[in-house]
There are 2 protein chains.
Amino acid sequence: MQYEFKDKAANAYKLEEQVGFLLRRASQRHLSIFTQMLPDLTSTQFATLAKLCEMGPTSQNALGRAVAMDAATIKGVADRLRARGLVEATPDEEDRRRHYLSATEDGRAVYERTAQAALAITGETLAPLDADEIATFLSLLRKLC
Amino acid sequence: MQYEFKDKAANAYKLEEQVGFLLRRASQRHLSIFTQMLPDLTSTQFATLAKLCEMGPTSQNALGRAVAMDAATIKGVADRLRARGLVEATPDEEDRRRHYLSATEDGRAVYERTAQAALAITGETLAPLDADEIATFLSLLRKLC
DNA sequence: TAAAGTTCGTTCGTATGCAAATGGATTTTG
DNA sequence: CAAAATCCATTTGCATACGAACGAACTTTA
């Protein structure tokens, strides 16, 4: 009979201590801040628009990989951005499977107008930490991706 | 004309550096580990069952608050756990709005059987970090909730 | 005690997010 | 070159998530 079995509390499961629970709660707080400070776009819509502005014309799946969304997810996001006129699709001449996605003039304007707010959202999310803690936290978080 | 306006790149938005993007990717990796190591239950279902086992009979909304899910979300989770026979509801005599939720015998058995796996999932998620880094990371993450 | 406020559970609508399957197009390889 | 593998976009099904609104029940307060 080993020690762990004598004291069941020693290796008990405590939800509040699990990294998955804390990640979910931190994400919830971040998304709540995002919605308050940038109500026009969801966090994933903004990320997709920003990446598309940065990359230029890109196929839908390649864009999805760039923003860490699978094919089924990026389709919905791209459809909603297209429905709002922020993104447009043009067929690829060389590869008949592909459509190039690109930001419209409207889409680029929205991105230019909201990028500062997005940076402020990052700042507000990290506000409970000081500069050193932020650097440490982001460095460790990056290792967990 | 201030410095920031001269060098637009200095305060440019880079998706990969934003805490929201990193939180989303870390959560994705964690959930992927969860699904692999504990395919029977989703992460939220396990969290709910675990908390219910810990708290004993609880109203649905109170349980939701304990696991950080709003009323609409906890309802779906509770419904699916009830459909699988892991949770049952009994009406409250004192408050006719309320149903007490509690884990069934089956539910408690599933929890006992899977709690170790859940701890292992936390370990695997944090595997890229050493012990000191884990302590630092969790302490900082907790400040962001 | 009556009005106001709160809480309970529920429903609707919208938006991720992923697994799995599909069909068509392109590339790789034997 | 033909078969195999890969890639593209799409669809279906399921499971979170949250805002908003709702009626019913309970509590607080004026």
Side-chain angles (χ1 to χ4, degrees), chain A residues 20-21 23-36 38-49 57-84 87 89-101, chain B residues 20-21 23-36 38-49 57-84 87 89-101:
Chain A
F21 183 70
L23 281 173
R24 190 162 67 82
R25 291 222 295 140
S27 293
Q28 282 175 341
R29 175 168 162 275
H30 167 71
L31 291 175
S32 159
I33 291 169
F34 198 104
T35 303
Q36 276 177 25
L38 219 171
D40 289 351
L41 290 172
T42 67
S43 140
T44 58
Q45 285 167 11
F46 177 81
T48 301
L49 180 60
T58 315
S59 80
Q60 187 172 277
N61 284 4
L63 180 59
R65 286 190 293 272
V67 293
M69 298 177 204
D70 79 349
T73 301
I74 191 67
K75 184 193 189 304
V77 177
D79 283 355
R80 285 181 284 275
L81 287 172
R82 280 199 305 165
R84 292 183 51 176
V87 161
T90 55
D92 182 347
E93 309 283 321
E94 295 162 11
D95 188 334
R96 269 179 297 173
R97 295 168 302 180
R98 245 190 308 228
H99 298 261
Y100 277 127
L101 295 183
Chain B
F21 184 70
L23 281 172
R24 190 163 66 85
R25 292 223 294 140
S27 293
Q28 283 175 340
R29 175 168 162 274
H30 167 70
L31 291 175
S32 159
I33 291 169
F34 198 105
T35 304
Q36 276 176 25
L38 219 171
D40 289 352
L41 290 173
T42 67
S43 138
T44 56
Q45 285 168 12
F46 177 82
T48 301
L49 180 60
T58 315
S59 80
Q60 187 171 280
N61 284 5
L63 180 59
R65 286 190 292 271
V67 294
M69 298 175 203
D70 79 350
T73 300
I74 191 65
K75 183 191 190 304
V77 176
D79 283 354
R80 285 181 285 275
L81 287 172
R82 281 199 304 166
R84 293 183 51 176
V87 160
T90 53
D92 183 345
E93 310 283 321
E94 294 163 10
D95 187 335
R96 270 179 295 172
R97 294 168 303 179
R98 248 193 302 232
H99 297 262
Y100 276 128
L101 294 182

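All chains are named by letter (A, B, ...) in the order of the sequence lines, taking the proteins before the strands, and each is independently numbered beginning at 1.
- A donor and an acceptor atom sit less than 3.5 Å apart, one in the side chain of R97(B) and one in the base of dT7(C).
- Closest to the side chain of T73(A), from the set dC26(D), dC18(D), dG17(C), is dG17(C).
- Residue contacts for S32(B): at a heavy-atom cut-off of 4.0 Å it reaches no nucleic acid atom on any strand shown.
- Scanning both residues, L41(A) and F34(A), for their nearest heavy atoms gives O-CE2, 3.4 Å.
- Of the residues near DNA chain C, D70(A) and S59(B), the one whose nearest nucleotide (by heavy atom distance) lies more toward the 5' end is S59(B).
- Between R24(A) and the phosphate of dA17(D), there is a side-chain N or O to OP1/OP2 separation shorter than 4.0 Å.
- In terms of phosphate contacts, R80(B) brings a side-chain nitrogen or oxygen within less than 4.0 Å of OP1 or OP2 of dT16(D).
- Rounding to the nearest 0.5 Å gives a distance of 11.5 Å between CG of L49(B) and CG of L101(B).
- Across H30(B) and L23(A), no two heavy atoms sit closer than the pair CB-CD1, 4.4 Å.
- Counting any heavy atom pair closer than 4.0 Å across all strands shown, S43(B) reaches no nucleic acid atom.
- The shortest distance between the side-chain N/O atoms of T42(A) and the OP1/OP2 oxygens of dT16(C) is below 4.0 Å.
- Rounded to a whole Å, the CG atom of D79(B) is 11 Å from the C1' atom of dG9(C).
- In this structure, Y100(B) atom OH and dC8(C) atom P are separated by 11 Å, rounded to whole Å.
- The separation between L23(B) atom CG and dG17(C) atom P is 12 Å, rounded to whole Å.
- In this structure, the nucleotide among dT11(D), dA25(C), dG9(C) sitting nearest to the side chain of K75(A) is dT11(D).
- The distance from atom CD1 of I74(A) to atom P of dC8(D) is 13 Å, rounded to the nearest whole Å.
- The side chain of A72(B) lies closest to dC12(C) when the candidates are dG9(C), dA19(C), dC12(C).
- Look at R98(A) and you won't find any side-chain N or O under 4.0 angstrom from OP1 or OP2 of dA9(D).
- Distance CZ (F34(B)) to C1' (dT16(D)): 13 Å, rounded to an integer number of Å.
- The phosphate of dT16(C) (OP1 or OP2) has a side-chain N or O of Q45(A) nearer than 4.0 angstrom.
- Pairing each heavy atom of N61(B) with each of A71(B), the nearest pair is OD1-CB, 3.9 Å.
- The CE atom of M69(B) sits 15 Å away from the P atom of dG9(C) (whole-angstrom rounding).
- Considering only side-chain N and O atoms, Q28(B) lies nowhere under 4.0 angstrom from the phosphate OP1 or OP2 of dT16(C).
- Of all nucleotides listed (dC12(C), dC8(C), dG17(C)), dC8(C) comes nearest to the side chain of R65(B).
- With rounding to whole Å, L31(B) atom CG is found 10 Å from dA19(C) atom P.
- Regarding L101(A), its CG atom lies at a distance of 12 Å from the P atom of dC8(D), rounded to whole Å.
- With rounding to the nearest 0.5 angstrom, the CD atom of Q28(A) is 8.5 Å from the CE atom of M69(B).
- Phosphate contact (OP1/OP2 of dC7(D), side-chain N/O of N61(A), threshold under 4.0 Å): absent.
- Pairing each heavy atom of V67(A) with each of R24(B), the nearest pair is O-NH2, 2.5 Å.
- Note on D95(B): only backbone sugar-phosphate atoms sit closer than 4.0 angstrom, heavy atoms only; bases stay farther off.
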